[in-house]
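Working notes for the structure below.
Predicted, not measured: the structure shown is a model, and the values here were computed from it. Numbering starts at 1 and runs along the sequence shown.
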Amino acid sequence: MNQDTVLFDVVTAVLARAGDGDAGPLGEWRVRAGDFWCYVSPPRESRQAQGWKLHLSATPLSAPVVLSRAAEVLVRRGCRFKFAGTLERAGELISRHYERGGGGKFLTVYPEGDDDWLRDLAGELHRATLGLPGPGILSDRPCFPHSLVHYRYGVFSGVSTLDGDGMRAAMLIAPDGALVRDSRRPWFAPPPWAPRDPFAPERGTEPPKPAPVLLHGRFLVRAVIRHAYAGGVYRAVDQDTGDAVVIKQARRHAAATLAGGDARDLRRHEARMLEDFADSGFTPRPVAVFEQQGDLFLVQEALTGVTLRRWVLDRLPLDDGDTWGPDPDETLATARRLAEMMRAVHHRGWVLRDFNPNNVMVTDDGILRLVDLETLARPGEPVLRVHTPGYAAAEQVNAARIDLAPGIESDLYSLGATLFYLATGVDPLLAAGDGGVGAEKERLASWLARLSAGNPAARRLAPLVRALLDDDPAARPALDEVLHRLREADTERAPSGPAPVSRSIGEGELKQLVTDGLDHLLATMDPRRSDRLWPSGPVGTASDPFNVQHGAAGVLGVLVHAHRLEPQPALRAAVRAAADWISGLVGREPRCLPGLYYGRSGTAWALLDAAGLLEDTALLAHAMGLAEGTPLEGPVPDVCHGVAGAGLTQLRFWEATGEPRFLDRARRAAEAVAALAARRDGLLLWPIPREVLAGSDDLAHYGFAHGVAGVGAFLLAAARATGTAAYAELAVEASRTLLGVAEVEDGAAYWRTGEPGSPRKTHWCSGSSGAGTFLLHAWQETGDEDLLTVARQAAVAVRRTRWHEGPTQCHGLAGDGEFLLDLAQTTGDGTYRGWAEELAAGIHVRHVVRDGRMVVPDDTGTAVWADFNTGLSGVVAFLTRLAHGGPRMWLPRALTAAGPEDSGAEVAHAAPAPADDPR
């Protein structure tokens, strides 16, 4: 039987049998196969919006039986349900790194009866599946002890709308009619207003209070290292010895396979490996293995140190245009120890299968230790495919999900990729593209040549790295040869390898990226589809299809921008098609968000620009209607999702149309933003309320997308346009806040998100380039040289990380490059344009050829999507501006004008209608 249809066939067989009895003919039931789920609906279903629902877990091996037995019950009772459509999907739901709040939910039941009926149904499903294997579901409670049947309160059909993040979601309806996110937490958490728990013995039972966790009567858990669906990793103390230990949990039936193994088998295997290599000196010491409440726990000594990934970044001098990179001698010594570690594993007959900088620890005294040994296997034995993107050879990446373990040649590729990272701090991850044998090797070699400029360690390792990354496994040098080459490189005091290439992008490379990128956007647009004009990734597909961030408005804006800089008939035709598609479908959503990037403001702005290009008065009227319908109040003050973004858009409409009502609306937005300001510890902040955005806990950001920089920029623009001094005062105070929290190190300025202990950021969304953008305009307003100084220091920060960031606008090189071009245009200092060209070179090295076109991947580095802030179109916007000049997108002239006097005059009189305005 074909694995892809086995579960579908199980259900159709159950329905066919039911059709021969009292349940009615098969044709009255509806079975619909989706991309992930398969939906089964009875003849006369009601569409209840929400309630207590049931989930059944399963492993890939038990899924057909669980489904068959459960479906018999559900069809007989006329109950709607859905299930994972294939065995592979069933496996994904319980895989090691699946999202914990959704893990294990193989089958979902939507019961539509009273509590007695629900309990009776759950009991029948429990008896039908009792004894079959399946993991627990963390977001639910089991209905009965040792049961596959779980329950939680959540949406059935719900109300489909945009949540506060601008993502399409089915929402709960609170008793007061408010729409509430159905939060799937990895613990049982029904909303406080949910009806009485139908399986609870008493209403109002107090939840157990947190207590210290003592495992095996010996190991006291102190902290969490990481959570995962298949089991967490914890720091603990061995109370017998007082030693610090690390405990690795393996949950029963999690990460189960068709071969019958699960996460517990992986941990047992890792324990055996730790025992076998205990005398080697390069693995942690095993302490204990035990089972508790059905889960298995592996205890090992706690290493004091950091991963090789962190160790490299902590010691890596970044590229300031001169010599950079790690110490060559120390790098070569570390490379030798890595090769010797791998050789010791191979000499004992094992292949590592997942060798990468995360699986090597560097202790406080500089010793390398190999961690996470569960993937070790004998070459040729059946295994479940594992690999880390960028660190696995093609023969591993392209293997079947369950395949034979590769030979040691695959580890040699992983060693080469790890040495690439060791010398540069860059993951050698490239998206798959066109080209035959040798294409990926040449792309990696070209990338390494760019990184070798000024990096002696990379230049000395480059010949060996290129050899190890060969597409042909037989061509990769064996470890003895690797160690010989490393010893030879250690004797060379001058950098080896070919002369490095230029650090800046060439004119031909820039032109091809722009031309091919635009061609790709035109080729992938499909106006016949009603869901999305351009395809997007998993996150983008769940978002508003008309917004700037992931939707059609962002790409439309880029097409207009590109046509204005270099007119082309094909671009004009695409603008027409995209504008028609958006205007024909937008406005049907039950909820309108205000933000510029995730909300309806950006959609209106894109249509405004298109109307000007096309000289279309009807389209202009539609855009104006959208802008006027955008809310100007709400709890979120930021640019991306909230009121500041709406205010920037109102200013742009006033500039383009001269209509006073848009200036009045901008003033209303400024008043709303001012009212949301908070002062904490001498800082002016705009917190995002808890529960409005996913993962937000009254968090105050500093960047442009969500925080002080973006809100301050809007207030500054509003002050210039309206002449309201109070807005300017708030904007200046915001700039002082950014100066106060900036972390300046070796001439570079960084910001954190605002969360204590968060990493320092350099990108537009939450870091240096976003903060620097606002400080630059605040300097224009005030003439305060401190603001310009820190803006220049922000530029140093983004330049230094040009090899280590992704290519995109939101948190990558395109957004950083826009800031550098702003600096060059505003200060007249051509140095910053040269730095922008260097960032463009960092984008070029990541390119991929698709359908014969040179395009740039999204922020994952693995796929090519059109999205503005996370994909190709935003990169094209920056590269087009670099090639042809012009203004930065999505900022009103009130902000980008040279000064307040120039801004006011231009906006009030000369700027109401640009040259191509439809009026």
Side-chain angles (χ1 to χ4, degrees), residues 510-529 532-536 540 544-586 596-597 601-616 619-620 622-623 626 649 652 656 808-809 814-815 818 850-851 853-856 858 864-891 914-918:
L510 176 59
K511 181 178 180 180
Q512 186 172 7
L513 281 177
V514 170
T515 301
D516 287 1
L518 289 171
D519 287 347
H520 185 82
L521 294 176
L522 301 189
T524 54
M525 179 175 66
D526 187 359
R528 298 169 298 179
R529 294 183 56 168
R532 302 196 74 83
L533 185 54
W534 279 273
S536 185
D544 176 6
F546 308 108
N547 68 20
V548 167
Q549 184 81 7
H550 297 290
V555 191
L556 172 59
V558 173
L559 296 179
V560 173
H561 178 72
H563 185 274
R564 283 178 172 161
L565 294 174
E566 190 175 25
Q568 299 176 41
L571 289 178
R572 186 181 182 90
V575 168
R576 175 82 271 172
D580 287 347
W581 187 89
I582 294 173
S583 60
L585 295 171
V586 74
L596 175 52
Y597 287 84
S601 290
T603 312
W605 192 323
L607 291 179
L608 171 72
D609 288 349
L613 177 68
L614 300 171
E615 300 181 354
D616 186 333
L619 186 60
L620 174 62
H622 191 176
L626 286 178
T649 303
R652 177 64 192 125
T808 60
Q809 281 270 350
E818 298 273 15
R850 293 279 177 87
D851 299 321
R853 293 184 288 265
M854 182 186 291
V855 293
V856 179
D858 67 356
V864 179
W865 305 114
D867 309 26
F868 179 84
N869 247 358
T870 61
L872 176 62
S873 64
V875 177
V876 170
F878 160 60
L879 295 175
T880 302
R881 185 181 176 205
L882 180 63
H884 301 289
R888 187 170 182 173
M889 295 183 63
W890 313 119
L891 291 178
D916 53 0
D917 189 89

Review point. Closest heavy-atom contact between Gly517 and Val876?
Key: CA-CG2, 3.9 Å
Review point. Is there a donor-acceptor pair closer than 3.5 Å between any side-chain N or O of Asp580 and the backbone N or O of Ser583?
Key: no
**Study point:** salt bridge (charged side-chain N to carboxylate O under 4.0 Å, His left out) between Asp616 and Arg576, intermediate numbers included
**Key:** CA-CA 10 Å; Asp616 186 333; Arg576 175 82 271 172; 2.8 Å; yes
Check your understanding: Are Val586 and His622 close enough, and set up right, to give a side-chain contact (heavy atoms from CB on, under 4.5 Å), and what steps lead you there?
Key -> CA-CA 10 Å; Val586 74; His622 191 176; 3.9 Å; yes
Check your understanding: So, does Trp890 use its side chain to make a donor-acceptor pair with the main chain of Gly554 at under 3.5 Å?
Key -> no
**Study point:** For the student: nearest non-hydrogen atoms of Val558 and Ala877, plus distance
**Key:** CG2-CB, 4.0 Å
Point to revise | Exercise: identify the closest heavy-atom pair between Gly602 and Val548 | key: CA-CG2, 3.5 Å
Revision key, fill the gap. When rounded to the nearest 0.5 Å, the distance separating OG1 of Thr880 from NZ of Lys511 is 13.0 Å
Check your understanding: Does the ring centre of Tyr597 sit less than 6.0 Å away from the ring centre of Trp605?
Key -> no
**Study point:** Option from Thr603, Leu626, Thr649, Leu620 for which side-chain contact (heavy atoms from CB on, under 4.5 Å) with Leu608 holds
**Key:** Leu620
Check your understanding: Below 4.5 Å, heavy atoms only, C-beta onward: do Arg572 and Leu559 meet side chain to side chain?
Key -> no
Check your understanding: Does a salt bridge link Arg532 with Asp526, judged by any charged N lying under 4.0 Å from a carboxylate O?
Key -> no
Exercise for review: Quick one: closest heavy-atom pair of Ala578 and Met525, and the distance?
Suggested key: CB-SD, 4.2 Å
Exercise for review: Might you point out which heavy atoms bring Gly874 and Ala814 nearest each other, and give the distance in Å?
Suggested key: O-CB, 4.0 Å
Review point. Tell me, do Asp609 and Val575 make a side-chain contact under 4.5 Å, heavy atoms counted?
Key: no
**Study point:** Short side-chain to backbone donor-acceptor contact, Ser601 and Leu596, under 3.5 Å
**Key:** no
Review point. Will you find, in the side chains of Asn869 and Gln809, an N or O donor that is under 3.5 Å from an N or O acceptor?
Key: no
Review point. So do the side chains of Val864 and Asp858 get within less than 4.5 Å of each other, counting heavy atoms only?
Key: no
Study note, to complete from the structure: Taken to the nearest 0.5 Å, the spacing of Arg564 CZ from Leu571 CG works out to 12.5 Å
Point to revise | Side-chain (Thr808) to main-chain (Gly871) donor-acceptor, under 3.5 angstrom | key: no
**Study point:** Nearest-0.5 Å distance that lies between atom CG in Leu518 and atom NE2 in His563
**Key:** 11.5 Å
Practice item. Can you sort out the partners of Arg888 under salt bridge (Lys or Arg N to Asp or Glu O under 4.0 Å), two or more places apart, ordered by chain and number? Key: Asp822
Exercise for review: Mind checking the OG1-CZ spacing from Thr524 to Arg853? Nearest 0.5 Å is all I need.
Suggested key: 7.5 Å
Review point. Where do Ala866 and Ser873 come nearest, in terms of heavy atoms and distance?
Key: O-OG, 2.6 Å
**Study point:** Beyond-backbone contact of Leu533 with Val555, side-chain heavy atoms, under 4.5 angstrom
**Key:** no
Study note, to complete from the structure: One should read off an interatomic distance between Leu585 CG and Ile582 CD1, to the nearest 0.5 angstrom, of 9.5 Å
**Study point:** Polar contact flag, side-chain donor to acceptor under 3.5 angstrom, Asp867-Ser536
**Key:** yes
Check your understanding: CD of Gln549 to OG1 of Thr870: how many Å apart, nearest 0.5 Å?
Key -> 6.0 Å
Review point. Would a 4.5 Å heavy-atom cut-off, applied to side chains only, mark Met889 and Phe868 as touching?
Key: yes
Point to revise | Donor-acceptor contact below 3.5 Å, side chain Arg881 vs main chain Ala562 | key: no
